[in-house]
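Have a look at the structure below before the remarks.
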Protein chains: 4
Amino acid sequence: MTHEALKRAVWQANLDIVRAGLVELTWGNASGVDRAAGVMVIKPSGVPYDRLRPEAMVVLDLATGEPIEGDLRPSSDAPTHRVLYQQFDGIGGVVHTHSSHAVSWAQAERDLPCLGTTHADHFHGPIPVTRRLHPEEIREAYEHHTGTVIVERFRRDGLDPTHIPGVLVAGHGPFAWGPDPAAAVENAIVLESVARMALHTYLLNPSVRPIDGALLDKHFLRKHGPGAYYGQVS
Amino acid sequence: MTHEALKRAVWQANLDIVRAGLVELTWGNASGVDRAAGVMVIKPSGVPYDRLRPEAMVVLDLATGEPIEGDLRPSSDAPTHRVLYQQFDGIGGVVHTHSSHAVSWAQAERDLPCLGTTHADHFHGPIPVTRRLHPEEIREAYEHHTGTVIVERFRRDGLDPTHIPGVLVAGHGPFAWGPDPAAAVENAIVLESVARMALHTYLLNPSVRPIDGALLDKHFLRKHGPGAYYGQVS
Amino acid sequence: MTHEALKRAVWQANLDIVRAGLVELTWGNASGVDRAAGVMVIKPSGVPYDRLRPEAMVVLDLATGEPIEGDLRPSSDAPTHRVLYQQFDGIGGVVHTHSSHAVSWAQAERDLPCLGTTHADHFHGPIPVTRRLHPEEIREAYEHHTGTVIVERFRRDGLDPTHIPGVLVAGHGPFAWGPDPAAAVENAIVLESVARMALHTYLLNPSVRPIDGALLDKHFLRKHGPGAYYGQVS
Amino acid sequence: MTHEALKRAVWQANLDIVRAGLVELTWGNASGVDRAAGVMVIKPSGVPYDRLRPEAMVVLDLATGEPIEGDLRPSSDAPTHRVLYQQFDGIGGVVHTHSSHAVSWAQAERDLPCLGTTHADHFHGPIPVTRRLHPEEIREAYEHHTGTVIVERFRRDGLDPTHIPGVLVAGHGPFAWGPDPAAAVENAIVLESVARMALHTYLLNPSVRPIDGALLDKHFLRKHGPGAYYGQVS
C-alpha cells in the first residue's frame, strides 16, 4: 500500500465506524500501519467526522511516535495504537470506539465469552477485559499504558492477537484490530454486535454455557487459515 | 414461477432481510426452491449485499447439491437450506439471519414460547430450539447436520413446519421459512420481533404464562387455513 | 370535519404510526368517527402502508358495523374500534399497534404505573391491562369482545377514558385513543415511550414508587382542562 | 455574541437535540443566556420542531422572567432554566429533554455513578438525582421549584455545576448545561449515552465499582482546564 493509499484507507475506516453506528460525537478513531516504511497513520484529535479529509490524517514515526506529516495533532489515543502495532506482529489496522454494548462489558469488567457462532466467526475464544490501570500508570503516559495493559493480558494468557482481534479496556471500552484498517472496522462491528447479543443471552439464561470447542474451531477456521471455505476464491 | 422469476424472488428476499434490519455485514441468506424443476436458488457466499444482482444467484441441483448455474460459490449455509427443502414438504423459501434477539434466544438455548398474538399470527406454538451438534456432526458436513438437527427436533415433537415456520439453532441463530421466499422473509421479521418482545416480557414478569390455546388457534387460523378472514379476498 | 376530511385524517394517522416506528409489517390501524353522521372510518385490512390512499379508507355504519363505502374489507380489528366509539363518549380517534414495549407490558399482564412526568402529561394514572378473554369470547365475535374487556376494565375501576386514553389488552397489545385521530396517534407514541422507560426504570429499581398525586395532577392538568397553560393560546 | 447570534444558537441547539434522537414529540427545549444584556432566549412552548425559526425564539428578562421580545409563549420550563442561570455562574446554555435512558434513571431515583471514561470525559463524578418536590412546591411556581431542587442538591453536596454539567430531576428527567447552548447539547447527548451504558453495566454486574479517582481526574482534566491536551490548539 502506498503512503497515500494508507491515508485513504485510514480515512475510510474512520468514516465507516461512524456509518456503522459505533461512534457518537468524536468518540472513535481508526489507524493503519506501514511496517516497511516505519510509519503509522491516524485520525487527528477532536475533528468532527463530517469535516475529515484523507489529507488531514496524521502520519507518525512508528519508532518514536513523533509526527512526520500533517498540521493537526494526532488522536490522543495514538500512543495506545502504537503499542499495539509494536507488540502485536501481523496487525495492520486498529480501531477504538465507545460503542455502547462493548463499553458496558468493559465497565462491568467481565470477559465476553463465546456464546455463539457470530462470535466464533471472528474471535477464536472469549474477548478479554484488561485489569484496571494503577494510578501511576494513569498519571504518566496514560495512553501508552492503556496499550501495555492490553498487551499484558494477551501475554499472561498466551492469547494470539490474530485469533482474538479485540479487547475490552476496563472502565473504558473496546479496541479491535485486523490485518488492515477495513478488517479492524469489521471486527469492531462484530465486537459490538456480540456484546449486545451476549447481554441479552445472559438476561434470558444466567447460567448459559459457551459453545463447544468443536463449534468454535469450525466457525473460526472456516473463515481463517488454510482450510477456509467461506466467501469466494480470490 | 419461471427460473428467472425464482432468481429475482431470491435476490429480492436477500435485499429485504437487509432492509428489515435483520442483517449485519454478510450474516444472512435467503433461498427459494422449484420442486418441479428439482433446483434451489441461493445467494452467493460472502458477497456484499449492495453488489448483489439477480443473475449472481446460484442455482443448485436439489438432489445432489451441486451447482448447475452461476460462477460464484453458493452461501456456505446452502446444505442446511437443502435439508430443509428435502425434509419439509410445502416450504418454498428459507431465510437465515443472525438477527440480534433471535440469536440471543438461540444462544440461551430456550424455546421461544407464544406470549402474545403477534407470535400467534405467524407461529402456531412455541418456536423450538435445537440440541447442540455433536463434535463429529460439526467436523464433517457441518452445514448439512445443522439441517438435520432442525428436522430431528420437528420430528421428535411432531411439529408441522408449515405451522411453525421457524427454528432456533442452539448457539447459532434463527432459520425461518414459508411457501415462498417473501413469506420466509416475513416470518424471519416476525421471529426477531417476537424474540425482542418476549425478552422484555420475561424481564417484567419472569413467571408469565403463554397465551391460552383458544387465542393461539384464533390468531393463527384467522390468517391461515380455510376459515381465514384477514386481509383482502384474492 | 367533512366526510372526505375524516378519510384524509384517518389515512394520515395510519401513515403517522408507521413513521413514528410503532408498526412493523401491517400490524397497526387507525380510525376516526363522525358521531353526527353515525359513521366510522378505518384502514382496510392487510394492505401495505405504502400503497394506502385516502380514498381506500373504509366507511362503516357506527350502529351496525356494516360497510357503507369502499371496496376493501375493513381492518379485522374494526369491531374493537366500534365498541370503543360506542362505549366511550368523547373519543374521536382510535389507534391500535403492536409497538414493541407496550406489547411487552401487555404480554406480562402488568398495569403500567405512572413513574414520571412523561406519562403524567398524557395519562392521568396507570395504564390498565385487561383480563384475558374467555375461550367462548375468543371463538365468537373475538374482535368485538376485545373491545368489551377494555370497557369492562374501565367500568370496573371507574376510569375516565378521556383521562386515561389507552389500554393494554392482555397477551395482545396497546390501543390508544383521543379526541381525533391525530391525538390518538400522539397517545400511542407516548404509550410506547413510557412503556420503554418504565421497563428500564424497573430494571434499575424494582421497588420504585409511582410519582406523587400532586405531580400527577400538575402535569396532566397543565396540558388538559380549563387551567391548561402548555403550548400556545389558540 | 450578538442578540441575533444568540437566537440563532438557541434555535440550532433546539434542532440539534432532535437530530441527536433525544426528543420525541415536543419534549425538549434549549436556551441560552446573555448575562451582559440581562436576557435569556428560549424555545416557544409546544411548537413542532420542524416549524421552528430563529426569529420565533422568545427573549426573556433574566431578572424578572418577563418576555421582552417574541409573540409566542416561552417554553413552560423557562422558569427552571432561569433559576439555573441565576444560581449557577459560568453556564451559558441549558438543555432539557426526556431522553429515554436518562429519564429511566430519574424515575428510578438513583444517582448515575461514573462507571467509565465516556462519563469522565464530560462529568467529573456521579450525576446526581434531586429529591422529589413537596406538594406545595408543585402547586405553586412548579417550574421555578424544579430549578430550586436542582440547586439545593448541588449546594448540599458542594458540587460544582461547571464540573458536573447535568442533573436528573426525580420522576421527571435530565437537564444538562454548558458554557454555551452547543456545549449544553453535547452534555445532554453524553448524559443519555452514559445512562444507557450504565443500565447495561448494572445488568451485567450489579456490584460494579465506579472508576478510580485517578482515572476520573485524568479524563475530565485532559479535556477541561489548563492542562487540556484533547482536540486541536485553538
Side-chain angles (χ1 to χ4, degrees), chain B residues 16 19-22 99-101 112-122 178 182-183 185-224 227-234, chain C residues 21 23-28 44-48 51 56 58 70-77 96-112 129 132-143 145-146 168-173 195-196 198-203 206:
Chain B
D16 287 346
R19 277 191 202 124
L22 302 182
S99 70
S100 186
H101 293 86
L112 179 50
C114 183
L115 302 180
T117 61
T118 320
H119 184 126
D121 273 337
H122 289 81
V185 171
E186 186 167 318
N187 287 328
I189 292 171
V190 174
L191 206 169
E192 172 61 14
S193 199
V194 298
R196 185 160 73 128
M197 290 169 175
L199 165 63
H200 294 152
T201 303
Y202 271 105
L203 293 175
L204 287 168
N205 183 358
S207 57
V208 63
R209 288 177 301 134
I211 60 171
D212 299 322
L215 188 60
L216 175 60
D217 290 348
K218 181 70 181 183
H219 268 266
F220 189 76
L221 299 175
R222 79 175 184 174
K223 292 192 72 166
H224 305 85
Y229 60 95
Y230 187 88
Q232 303 303 323
V233 181
S234 50
Chain C
V23 172
E24 277 197 291
L25 301 174
T26 58
W27 304 334
S45 177
V47 175
R51 289 189 225 149
V58 184
D71 299 328
L72 299 168
R73 284 188 191 179
S75 165
S76 58
D77 294 312
H96 172 50
T97 78
H98 285 214
S99 70
S100 186
H101 293 86
V103 165
S104 297
W105 283 85
Q107 292 187 161
E109 297 182 69
R110 285 181 64 170
D111 288 357
L112 179 50
V129 64
R132 293 185 173 205
L133 277 75
H134 302 310
E136 59 274 19
E137 291 169 329
I138 291 167
R139 289 197 197 101
E140 290 295 322
Y142 165 60
E143 291 83 3
H145 289 124
T146 299
L168 303 163
V169 176
H172 187 158
R196 186 160 72 129
L199 165 63
H200 294 153
T201 303
Y202 271 106
L203 293 175

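Below, chain A is the first sequence line, B the second, and so on; all start at residue 1.
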Max heavy-atom pair count under 4.5 Å with chain C, selected residue of V208(B), T117(B), I211(B): T117(B)

Pairwise distance CE(M197(B)) to NE2(H98(C)) - rounded to 0.5 angstrom: 7.5 Å

Listed partners of A106(C) passing side chain to side chain contact (heavy atoms under 4.5 Å, CB included), at least two apart: L168(C)

Aromatic ring pairing H219(B)/H172(C), orientation class (parallel under 30°, perpendicular over 60°, tilted between): perpendicular

Engaged part of V190(B) at the chain C interface, taking heavy atoms whose separation is under 4.5 Å: both

Among the listed options P206(B), S193(B), A198(B), the residue most often paired with chain C at heavy-atom distances under 4.5 Å: S193(B)

P210(B) to R132(C) - nearest heavy-atom pair and separation: O-NH1, 3.1 Å

From I138(C) atom CD1 to L216(B) atom CG, the distance as rounded to the nearest 0.5 Å: 10.0 Å

Full working for side chain to side chain contact (heavy atoms under 4.5 Å, CB included) between L215(B) and L133(C): CA-CA 8 Å; L215(B) 188 60; L133(C) 277 75; over 6 Å; no

T201(B) side chain to A108(C) backbone, donor-acceptor under 3.5 Å: no

Residue pair R222(B), E143(C): steps toward the salt bridge (Lys or Arg N to Asp or Glu O under 4.0 Å) verdict: CA-CA 11 Å; R222(B) 79 175 184 174; E143(C) 291 83 3; 2.5 Å; yes

Trace of the side chain to side chain contact (heavy atoms under 4.5 Å, CB included) decision for H101(C) with R196(B): CA-CA 9 Å; H101(C) 293 86; R196(B) 185 160 73 128; 4.3 Å; yes

Pairs of heavy atoms under 4.5 Å with chain C: top-ranked of D212(B), D217(B), L204(B), L199(B): L204(B)

Salt bridge (Lys or Arg N to Asp or Glu O under 4.0 Å) against D111(C), all qualifying residues, sequence neighbours excluded: R153(C)

Side chain, backbone, both or neither of Q107(C) within contact of chain B (heavy atoms, under 4.5 Å): both

R110(C) side chain to N205(B) backbone, donor-acceptor under 3.5 Å: no

Whether over 12 other heavy atoms sit under 6.0 Å from E136(C) CD: yes

